[in-house]
Asker: 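Pasting in a structure now, in structure tokens, and then I'll have a few things to ask.
Letters go in sequence order (proteins before strands), and every chain restarts at 1.
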Amino acid sequence: MTIWNRLVRRIAVDPEFERRKKSLSQIPILQGLNATQLARVLSMLYHRTYQEGEAIFNEGEIGRALFIIETGKVALTKKDVQGRSQHLATLESGDFFGEMALLEEMPRSAAAVAREQSSLFLMYKSSLDAFVLVHPDIGALISSALAKLMSGRVRMLSEKLSSTEQNGKTP
Amino acid sequence: MREILTPFVLALLVTYLINPLISFFENKGYRRRALVAFLYLIAGSGLTLAASQVIPKISHEIPELQASLPQRLQSLKMVTFKTIEKNAKRLPNSKKIIPMLDTKIQEAAGWLLASLPDVASGIASFFSLLILVPFVAFFFLTDGPLIFEWLLRVCPGRHVEKILHVYCAINETLGSYLRALIIECSLIGALTAAGLWWIDLDYWLVLGLLTGLSGFIPYVGPVLVGMAAAGLALAQHGDLSAVLGVLAVFTGVQFIDNWILQPVIMSRSVNLHPAVLLFALMAGGKFFGFLGLILAAPVACIVKVTAQILLEYYMTETGLKKPPKLPLQQTLII
């Protein structure tokens with residue numbers, strides 16, 4: 001690489017962009033995308049850092065965004081019938097949550113709280129809707145990945161339900 | 001206050017127009033600051049070249065207009081008097097009307113001649129804006145996303161989605177409205193200039209430019225420029241057929257605007273009811289003058305979109321509006 005090219009690269013190229021693109025490539029629903037497509041996805045994402053213990057969203061609020069964890073840990077909790085908070089899962093770097101908000105604007109089924117300082121990407125529903133109109137190819141890949149994920153979860157839930165029913169029948 | 005706000009509002013407008021281009025290249029991995037600096041270099045060179053061609057033509061037309069104004073007003077006076085004399089039988093007070101009109105025309109001529117230096121000083125302040133607006137827009141373009149990131153950082157985590165909802169909706173509406181308006185105004189200006197040149201009216205370029213700029217003030221702007229052009233046509237040609245020609249050009253352009261440009265270009269921007277738009281124009285004009293007239297439509301768009309979203313949140317949170325339920329009974333779990 002010549003000195004001129006190095007100089008232009010140093011002045012014009014944004015290293016933070018490359019770093020974020022690389023961390024996005026690890027996310028399961030975005031793994032089918034190439035470098036150009038990932039860059040386009042990155043353009044529609046918002047970024048925010050949450051402090052330890054900060055609420056990301058509460059149960060029952062209307063959801064309109066999917067959250068992707070770049071760094072940090074996020075706890076998902078759900079209130080039981082007595083109103084006590086039950087821990088569902090702790091998600092880490094590379095995981096994502098709130099994906100149902102991309103499919104339907106329904107109340108959140110769980111609450112999310114940052115367990116430690118966490119850097120999150122937000123994929124906002126209306127941004128994704130507008131993005132899909134401009135880049136249907138990327139939209140199709142994301143939708144397909146989301147559909148596979150949801151299908152897997154439904155399968156897992158029905159298996160769980162079936163085993164619970166069987167256990168219930170066992171004397 | 002108005003003088004302070006003007007460059008910032010115009011800079012915001014410029015930012016909105018240029019930002020998609022900057023974002024396009026930013027999403028290819030280039031630094032925002034480097035892109036803005038490069039764009040300024042290119043645009044600066046291009047505008048200097050264009051200005052060197054257009055400004056001499058316009059600056060030549062304004063002194064020419066000032067020099068020929070008394071003669072043109074005289075011929076306008078003669079045409080009006082002849083018309084009144086011709087119809088003297090139908091107008092019982094024609095003898096009183098002529099001296100009264102004469103005095104009024106003299107007063108108007110005096111006012112016009114006196115206000116032309118103000119036009120020159122207006123052009124000087126326009127040039128100061130020409131430097132100030134790109135300067136402010138540079139910082140909006142380079143630091144705009146940082147301002148939004150700061151806003152997201154300081155607002156409580158659980159309200160981030162609401163802020164994003166309002167931001168996305170305003171951004172989408174305002175951006176598409178302004179971009180559509182610029183394209184529409186440029187086409188209206190170009191069509192009017194071509195039409196006025198075709199009917200052989202002097203100052204067609206200035207009038208075309210003014211018509212394009214007046215498009216930022218819905219309804220009112222083009223009517224005012226049309227009236228001025230009709231007066232100029234009567235003064236230049238001395239007969240009503242020239243006025244009819246001007247009216248035909250302006251009506252034709254308005255027809256093209258309403259039936260072709262607006263449905264094609266403005267269809268993606270916010271649909272404001274004409275009554276709401278008129279109310280916004282009157283309120284904007286009353287409280288902020290000329291700047292208020294320009295800002296009335298985009299501010300009305302922002303208010304409409306924000307009110308819609310906040311009302312939706314209020315209705316959902318208070319239970320007035322139930323979230324849609326999926327037809328779960330029809331969902332087959334395999």
Side-chain angles (χ1 to χ4, degrees), chain A residues 8-18 20-21 35-36 38-44 46-51 53-58 60-65 67 98 101 103-108 111-114 118 120 122-127 129-130 151 154-155 157-158 161-162, chain B residues 20 22-38 145-146 148-173 175-176 268 305 309 312-317 319 321-328 331-334:
Chain A
V8 170
R9 204 173 162 76
R10 202 175 178 81
I11 294 170
V13 176
D14 185 2
E16 180 67 6
F17 185 83
E18 286 301 319
R20 286 187 173 175
K21 206 167 77 176
T36 316
L38 275 174
R40 285 185 179 145
V41 170
L42 189 54
S43 71
M44 64 139 170
Y46 298 93
H47 187 262
R48 190 184 190 271
T49 303
Y50 290 80
Q51 300 307 315
E54 193 177 359
I56 298 164
F57 55 72
N58 292 336
E61 286 176 355
I62 301 288
R64 289 186 176 88
F67 294 80
L103 306 169
E104 41 171 25
E105 287 185 16
M106 296 282 282
R108 297 278 191 195
V113 181
S118 306
L120 266 60
L122 281 84
M123 188 185 278
Y124 196 71
K125 188 181 184 301
S126 70
S127 297
D129 291 345
S151 158
V154 169
R155 199 177 293 278
L157 276 173
S158 31
L161 193 69
S162 145
Chain B
I22 298 291
S23 296
F24 176 79
F25 286 104
E26 191 187 19
N27 296 330
K28 296 204 175 293
Y30 296 108
R31 280 183 207 271
R32 197 170 181 86
R33 273 178 191 269
L35 285 169
V36 176
F38 184 66
L146 297 179
F148 182 64
E149 276 186 22
W150 171 82
L151 185 71
L152 279 188
R153 207 166 51 237
V154 294
C155 88
R158 59 179 291 257
H159 294 302
V160 164
E161 280 183 86
K162 283 176 197 164
I163 297 267
L164 272 180
H165 193 179
V166 174
Y167 171 78
C168 286
I170 290 178
N171 207 16
E172 198 179 311
T173 307
S176 63
R268 288 180 71 188
V305 167
I309 292 171
E312 198 188 319
Y313 270 110
Y314 174 77
M315 288 178 74
T316 316
E317 281 173 12
K321 184 187 169 189
K322 296 261 182 279
K325 282 192 175 166
L326 287 179
L328 281 176
T331 311
L332 185 65
I333 299 175
I334 303 167

Asker: Tell me, out of Leu157(A), Asn58(A), Leu161(A), Thr36(A), who's got the most heavy-atom pairs with chain B below 4.5 Å.
Answerer: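 Most heavy-atom pairs within the cutoff with chain B belong to Asn58(A).
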Asker: Measuring from atom NZ of Lys125(A) to atom CZ of Arg64(A), what distance do you get when rounded to the nearest 0.5 angstrom?
Answerer: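 Answer rounded to 0.5 Å: 9.0 Å.
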Asker: Kindly write out the residues that satisfy side chain to side chain contact (heavy atoms under 4.5 Å, CB included) with Glu18(A), not counting sequence neighbours, or none if the list is empty.
Answerer: Lys21(A)
Asker: Quick one: what part of Thr49(A) sits under 4.5 Å from any heavy atom of chain B, side chain, backbone, both or neither?
Answerer: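 Looking at Thr49(A), nothing touches chain B.
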Asker: Donor-acceptor check, side chain of Arg31(B) to backbone of Ile11(A), threshold 3.5 angstrom: yes or no?
Answerer: yes
Asker: Return the orientation label for the Phe148(B) and Tyr167(B) ring planes: parallel under 30°, perpendicular over 60°, tilted otherwise.
Answerer: parallel
Asker: Could you tell me which portion of Arg48(A) (side chain, backbone, both or neither) has an atom closer than 4.5 angstrom to a non-hydrogen atom of chain B?
Answerer: side chain
Asker: Which of parallel (below 30°), tilted (30 to 60°) and perpendicular (above 60°) describes Phe57(A) and Phe67(A)?
Answerer: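 Tilted, since the angle between the ring planes falls between 30° and 60°.
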Asker: Do any N or O atoms from the side chain of Arg32(B) and from the backbone of Glu26(B) form a donor-acceptor pair under 3.5 angstrom?
Answerer: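 Pair absent, no side-chain N/O of Arg32(B) close to backbone of Glu26(B).
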Asker: Heavy-atom pairs under 4.5 Å with chain B: which of Ala39(A), Ser126(A), Ala111(A), Ala12(A) has the most?
Answerer: Ala12(A)
Asker: Using non-hydrogen atoms only, which part of Glu61(A) is less than 4.5 Å away from chain B: side chain, backbone, both, or neither?
Answerer: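 When you check distances to chain B, only side chain atoms of Glu61(A) fall under 4.5 Å.
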Asker: Which region of Phe24(B), side chain (C-beta onward) or backbone (N, CA, C, O), has a non-hydrogen atom less than 4.5 Å from a non-hydrogen atom of chain A, or is it both or neither?
Answerer: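 For Phe24(B), there is no contact with chain A at all, as no heavy atom is under 4.5 Å.
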Asker: Heavy-atom distance under 4.5 Å to chain A: side chain of Phe25(B), backbone, both or neither?
Answerer: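 Looking at Phe25(B), nothing touches chain A.
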Asker: In terms of side-chain geometry, is the basic nitrogen of Glu16(A) or Arg20(A) positioned less than 4.0 Å from the acidic oxygen of its partner?
Answerer: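 Between Arg20(A) and Glu16(A) there is a salt bridge, with a charged N closer than 4.0 Å to a carboxylate O.
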Asker: Heavy-atom cut-off 4.5 Å, strictly under: side chain, backbone, both or neither for Leu42(A) against chain B?
Answerer: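 No part of Leu42(A) comes within 4.5 Å of chain B.
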Asker: Between Arg153(B), Lys162(B), Glu149(B), Arg33(B), which residue shows the highest count of heavy-atom pairs closer than 4.5 Å to chain A?
Answerer: Arg153(B)
Asker: Measure Pro156(B) against the heavy atoms of chain A and call it side chain, backbone, both or neither at under 4.5 Å.
Answerer: backbone
